[in-house]
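All chains are named by letter (A, B, ...) in the order of the sequence lines, taking the proteins before the strands, and each is independently numbered beginning at 1. What you see is a predicted model; the values in this text were computed from it and never measured. Excluded from the calculations below are hydrogen atoms, water molecules and symmetry mates; all remaining heavy atoms, backbone and side chain alike, are included.
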There are 2 protein chains.
Amino acid sequence: MGTATIRDVARQARVSLKTVSRVINQEGSVRDETRARVQRAIEQLDYRPDLSARSLRSAKAYAIGLVYDNPNPYYIIAVQQGALAACREMGFGLQIHPCNSRSPHLAEELRDLVHRSRLAGLVLAPPMSERMALLRELVAYNVPLVRIISAAEDPRDGFPCVFVDDRDAAYAITAYLIQLGHERIGFLWGGKQHRSSPERYKGYEKALQDYGVAMSNELVLEGDYSFDDGFRGARRLLGLAKPPTAIFGSNDEIAAGVLAAARAGGLHVPYDLSVAGFEDSPFSRHSWPSLTTSRQRTEQIAECATRLLIARIHGGDVENEGFSPELVVRGSTAPPRPRS
Amino acid sequence: MGTATIRDVARQARVSLKTVSRVINQEGSVRDETRARVQRAIEQLDYRPDLSARSLRSAKAYAIGLVYDNPNPYYIIAVQQGALAACREMGFGLQIHPCNSRSPHLAEELRDLVHRSRLAGLVLAPPMSERMALLRELVAYNVPLVRIISAAEDPRDGFPCVFVDDRDAAYAITAYLIQLGHERIGFLWGGKQHRSSPERYKGYEKALQDYGVAMSNELVLEGDYSFDDGFRGARRLLGLAKPPTAIFGSNDEIAAGVLAAARAGGLHVPYDLSVAGFEDSPFSRHSWPSLTTSRQRTEQIAECATRLLIARIHGGDVENEGFSPELVVRGSTAPPRPRS
DNA sequence: GCCATGGATGACAACGCTGTCAATTTGCTG
DNA sequence: CAGCAAATTGACAGCGTTGTCATCCATGGC
């Protein structure tokens with residue numbers, strides 16, 4: 001049995017191979033009656049075009065690659081969902097490619113992937129999307145790509161992208177904390193290899209300036225986008241002579257660590273300490289108290305990036321697009337407790 | 001530039017196409033000197049075989065599909081990682097295929113996928129892996145597959161699988177709670193469409209029996225593998241005239257909901273209430289207190305399943321394999337508070 | 001010195017499909 | 001009804017690779 005080919009369909013419909021091909025690819029120039037006959041044959045034989053053969057012959061590719069190196073399952077799943085949605089709609093396949101962003105041979109590895117698997121292009125998630133050297137190499141290899149990056153505005157650097165305004169979002173969170181009455185607001189950095197980290201820091205800094213709140217270096221700690229760094233960072237901040245009344249973690253995992261540290265220290269969130277995160281991961285809804293955070297429409301962002309890539313592959317000259325995360329207020333933030 | 005073909009390599013090495021093919025596929029019957037010349041040409045030209053052309057011609061496939069319908073990002077990412085590890089080692093590609101397990105045309109959809117994308121076979125994660133009708137259809141379509149399922153022992157039903165003994169693991173957790181001194185232990189069911197749910201329930205039930213602890217229907221509630229059902233279920237249990245002193249949630253998300261409900265009710269975990277989860281997701285480590293749970297080596301399980309599939313594709317007649325989750329004791333469980 | 005043996009190599013076709021271009025049919029005009 | 005353009009259809013080659021089978025050459029036994 002198995003797998004009818006275009007040949008079988010042609011025989012059954014009493015037309016040439018090429019006519020079947022035309023019907024499949026909606027090329028037009030086929031009489032309605034002929035088309036109907038071919039359609040019928042296709043259904044009777046349960047025929048499905050073979051993507052390998054098609055892409056081999058037409059020198060077009062019908063799959064794209066999704067490249068990431070990110071330990072955050074929520075983020076990755078959302079990116080995958082978005083990319084898949086776009087791919088399915090456009091009739092493309094999706095090949096996922098988690099990788100090590102520190103690998104020295106990444107450009108070759110990716111070019112390899114593209115060539116071997118006949119990928120039409122790549123969607124790059126952070127932090128790969130922010131390695132200029134990598135981007136240049138890939139472009140030199142003629143690999144079409146679209147990036148998802150953190151930037152306050154269109155970078156116009158020649159590499160197409162979808163950009164997310166982390167700075168503005170961090171500004172909004174910080175401003176919200178200030179408006180609640182907080183004047184000592186701790187900030188825990190995310191990973192240095194992510195461009196989003198300095199962006200978020202800049203937003204924090206600018207809000208303090210704009211509202212005339214004094215900066216204090218002791219309130220800002222470096223770290224990574226991890227629970228453990230949130231925990232450790234919070235412990236240090238809470239051990240200060242003048243501890244902060246609010247802590248802004250650069251993502252929800254960090255904020256989760258802060259929550260844990262606060263509880264370990266016997267503090268009641270939000271009355272003794274306000275905590276804010278970033279990302280709106282499910283964790284932020286399920287923690288106790290639930291986290292004030294910033295909602296990134298990761299799925300939509302990825303879908304948009306994938307659409308851009310496919311449009312580019314189809315030869316379009318497409319514009320970059322920007323997204324702004326939005327503030328989500330939940331139970332982990334409140335006005336500071338009046339000085340006793 | 002672009003993408004040398006086997007033809008270029010043959011020209012450069014002054015041999016025939018076929019000889020290059022032999023070298024690439026390690027077929028033997030090539031003189032060392034010739035092989036070296038070809039190798040050199042391959043490196044110089046940076047040649048990579050085209051998987052589409054190869055699979056087209058050889059009627060073999062070099063990619064497998066991973067099919068799942070599961071809202072839990074931690075689980076999915078772990079399964080993907082495991083499957084990818086096996087695929088990379090064996091030179092296979094991986095195509096992910098999230099889908100709706102309730103779709104009536106799933107079998108056709110999957111057969112379609114296999115055919116169009118020339119997949120060598122499918123790895124099925126729960127709950128798809130437990131739909132006998134689906135399995136039968138796929139086998140009728142000649143689709144090689146391996147399942148990941150929940151079962152206390154090798155089902156020997158003709159469909160190859162990797163089976164995870166959820167029952168024994170749930171038994172271990174329940175027994176542990178009993179040994180701590182608990183006699184009223186609530187149980188919150190997972191999703192009915194997952195075979196793991198009744199398995200976990202059976203483990204709970206058996207432990208109560210074996211230890212001579214009275215069953216009480218009011219302590220057992222149905223639900224889904226979700227935070228919200230954990231929250232609602234816990235509220236109901238805690239509102240009973242004789243509330244439980246411990247609650248066993250069928251997974252970590254449910255347990256997270258229980259934690260939240262306990263806190264909303266002013267209870268201190270673990271002193272007023274012990275809580276246990278299942279899965280060892282990162283959440284279980286990052287919650288406060290961290291959750292006593294059952295560690296499933298999801299990544300290894302998926303890798304094993306993928307290996308089995310590839311072995312089967314290569315014509316091997318392989319044995320099913322079993323995994324037993326292991327008890328992880330953390331801060332959310334303690335002896336019950338003495339009656340006041 | 002001759003032939004059987006077997007290892008190394010190559011020529012050629014074909015996998016399933018689409019691009020090119022030529023052949024055929026259709027429809028329209030005068 | 002001839003004449004011509006446009007619409008429709010088909011023959012054929014070839015994408016990059018491997019399977020089949022034929023060919024070539026060195027070796028060794030008699």
Side-chain angles (χ1 to χ4, degrees), chain A residues 1-39 41-42 45-63 91 93 112 114-120, chain B residues 1-39 41-42 45-63 91 93 112 114-120:
Chain A
M1 62 141 281
T3 66
T5 78
I6 199 173
R7 198 172 222 97
D8 304 318
V9 176
R11 194 160 30 228
Q12 171 113 353
R14 279 167 296 123
V15 294
S16 70
L17 297 184
K18 182 61 208 188
T19 299
V20 179
S21 172
R22 271 192 270 261
V23 172
I24 298 167
N25 296 296
Q26 308 175 5
E27 277 182 33
S29 268
V30 179
R31 258 207 324 242
D32 287 348
E33 186 232 315
T34 314
R35 188 196 322 283
R37 218 166 61 234
V38 173
Q39 294 284 19
I42 288 177
L45 298 173
D46 195 27
Y47 164 76
R48 328 281 166 146
D50 181 310
L51 294 182
S52 293
R54 178 187 293 201
S55 89
L56 176 60
R57 174 60 233 223
S58 65
K60 286 176 204 149
Y62 297 92
D112 223 59
V114 169
H115 184 184
R116 296 178 72 107
S117 299
R118 282 188 174 261
L119 300 183
Chain B
M1 61 139 287
T3 69
T5 78
I6 200 173
R7 199 172 224 96
D8 304 317
V9 176
R11 193 160 30 227
Q12 171 112 349
R14 279 167 296 121
V15 294
S16 71
L17 297 184
K18 183 62 211 190
T19 299
V20 178
S21 172
R22 271 191 271 260
V23 171
I24 298 167
N25 297 296
Q26 306 176 4
E27 278 183 32
S29 267
V30 179
R31 259 207 323 245
D32 286 349
E33 187 231 314
T34 314
R35 189 196 321 284
R37 217 165 61 233
V38 172
Q39 294 283 20
I42 288 177
L45 298 173
D46 195 27
Y47 165 77
R48 329 281 168 149
D50 180 310
L51 294 181
S52 292
R54 178 186 292 202
S55 88
L56 175 60
R57 173 61 231 212
S58 66
K60 288 175 202 149
Y62 297 90
D112 224 58
V114 169
H115 184 183
R116 296 178 72 105
S117 299
R118 283 191 173 257
L119 301 182

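Counting any heavy atom pair closer than 4.0 Å across all strands shown, A:Thr34 reaches sugar-phosphate atoms only and no base atom.
Counting only residues at least two apart or on different chains, the side chain to side chain donor-acceptor pair (under 3.5 Å) pairs with a member in residues 10-19 of chain A are A:Asp8-A:Arg11, A:Gln12-A:Gln44, A:Ser16-A:Thr19. Sorted by first and then second residue, the side chain to side chain donor-acceptor pair (under 3.5 Å) pairs involving residues 50-59 of chain B (not counting sequence neighbours) are A:Arg118-B:Asp50.
Residues satisfying the side-chain contact (heavy atoms from CB on, under 4.5 Å) criterion with B:Ala61, sequence neighbours excluded, are B:Ala120. In this structure B:Arg35 satisfies the side-chain contact (heavy atoms from CB on, under 4.5 Å) test together with B:Val23, B:Val30, B:Asp32, B:Gln39, sequence neighbours excluded. With sequence neighbours left out, the side chain to side chain donor-acceptor pair (under 3.5 Å) criterion links A:Arg22 to no other residue. Checked against side chain to side chain donor-acceptor pair (under 3.5 Å), B:Glu33 has the following partners two or more places apart in sequence or in another chain: B:Arg37. Checked against side chain to side chain donor-acceptor pair (under 3.5 Å), A:Asp112 has the following partners two or more places apart in sequence or in another chain: B:Arg48.
The structure places CG of A:Leu45 at 9.0 Å from OG1 of A:Thr5, a figure rounded to the nearest 0.5 Å. Distance check, rounded to the nearest 0.5 Å: CG of B:Leu51 to OH of B:Tyr62 gives 8.5 Å.
Within residues 22-33 of chain B, the residues approached by DNA chain D to less than 4.0 Å at the level of any non-hydrogen atom are B:Asn25, B:Glu27, in residue-number order. Contacts of residues 9-19 of chain A with DNA chain D (heavy atom under 4.0 Å): A:Val15, A:Ser16, A:Lys18, A:Thr19.
Counting 5' to 3', DNA chain C first comes under 4.0 angstrom of a heavy atom of chain B and last does so at the ends given by C:dA8 to C:dG16.
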Original post:
Would A:Ile24 and A:Ile6 satisfy side-chain contact (heavy atoms from CB on, under 4.5 Å), going step by step from the backbone distance to the final call?
Top reply: CA-CA 10 Å; A:Ile24 298 167; A:Ile6 199 173; 4.1 Å; yes
Tabulated below should be each protein N or O lying under 3.5 Å from an N or O of nucleotides 14-16 of chain D; please produce it.
residue : atom : partner : partner atom : Å
D:dG14  : N2   : A:Arg57 : NE           : 3.2
D:dG14  : N2   : A:Arg57 : NH1          : 2.8
D:dG14  : N3   : A:Arg57 : NH1          : 2.7
D:dC15  : O2   : A:Arg57 : N            : 3.3

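Shortest non-hydrogen contact noted between A:Val38 and A:Ala13 is CA-CB, 4.0 Å.
End-to-end axis angle of the helix from C:dG1-D:dC30 to C:dG30-D:dC1, using five pairs per end and rounding to 10°, comes to 50°.
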